[in-house]
Amino acid sequence: MLDVDQIRRFHQQGFVVIENFISAQQRQRLMARAKQQIESFEPAAKPTIFTTNEQQRASDAYFLGSGDKIRFFLEEEAIDSEGHWQVPKHRAINKIGHAQHVLDETCAQVLGELPTSNICQQLGMESPRAMQAMHIFKQPGIGGEVGLHQDSTFLYTQPLSCIGFWLALEDADRENGCLQALPGGHQIPLKQRFHRDGKGSASMTTLDDSPYPQTNLSMLEVPAGTLVILHGQLPHYSAANTSGRSRQAFTLHYIDAACDYAADNWLQSDLGQ
Ligand SMILES: O=C(O)CCC(=O)C(=O)O
């Protein structure tokens, strides 16, 4: 649970960093389970690359259907233009998502040991619902950047309610692509919505085209075991992993079930807690 100072910091700066939130044993269970899942994953002839390019992402049925499944997405550099693998399978995975917090017993158990739902309530959520889980790998050398974004762009409710929990499974620093966040940036309006278009695809719509404030991003270099809680409107980013070290993280995104979850959000699922 959060103390008064941590709650104040979340409301003031839009994020809060809490070291030693998840134990080494819990981290190992999540990482070992992901390793097993990858071993049993059999990639399609034309596997899905995870990309920050929305047009490509929107046109991908494998991605759009992953809200209530456990699916595997590859790093952009893992496969060349002719479809040849550049790295072994376990080094190619960008992320696993988006419903292992419900569908996978180990994930559900470990996450159930963490007081994330209670923390949501401390932060003002009436009826927390864990909508989306992601095991993010940021592979050594080829782990791609995640562009500056606000999480409510992807999990839109009225009123806005998304809160992200980002768990460092391994040390994260500037070389291996730690999170970077705009302090106080949760006060700016939501800039974009990523939504289904009713024709089997999805696209980005601009809601507010003013530029992001020219404030420096805070570099959130954190040891393994740290939790970063992110307000849904907080602009955040992570750079490519230029190091030889991996940077695994696990994220869980909540919305308030007391708010209206948009029927055209890309992520549609009847699962959730
Ligand atoms: O782990 C990362 O590199 C980025 C994760 C992120 O931006 C998110 O979960 O919203």
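Counting convention: from 1, in listed order, for ligands and their atoms alike. All values below come from the heavy atoms of this structure, side chains included, with hydrogens, waters and symmetry mates left out.
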Please say yes or no: joined through hydrophobic side-chain contacts below 4.5 Å, possibly via intermediate residues, are V222 and L234 part of one cluster? yes

Are H101 and Y254 close enough that their ring centers fall under 6.0 Å? no

Centroid-to-centroid, W166 to F250, below 6.0 Å? no

How about F165 and F21: are their ring centroids closer than 6.0 Å? no

Listed by chain and number, what are the ring pair (Phe, Tyr, Trp, His ring centres under 6.0 Å) partners of H231, not counting sequence neighbours? F10, H186

Pairs of nitrogen or oxygen atoms, one from ligand 1 and one from the protein, closer than 3.5 Å: please tabulate them with distances.
residue, atom, partner, partner atom, Å
ligand 1, 1 (O), W166, NE1, 2.9
ligand 1, 1 (O), R247, NH1, 3.4
ligand 1, 1 (O), R247, NH2, 2.8
ligand 1, 3 (O), S238, OG, 2.6
ligand 1, 3 (O), R247, NH1, 2.9
ligand 1, 3 (O), R247, NH2, 3.4
ligand 1, 7 (O), H149, NE2, 3.1
ligand 1, 7 (O), H236, NE2, 3.1
ligand 1, 10 (O), H149, NE2, 3.1
ligand 1, 10 (O), D151, OD1, 2.8
ligand 1, 10 (O), D151, OD2, 3.4
ligand 1, 10 (O), H236, NE2, 3.0

Lys/Arg-Asp/Glu bridge criterion (N-O < 4.0 Å) met for D171, R247: no

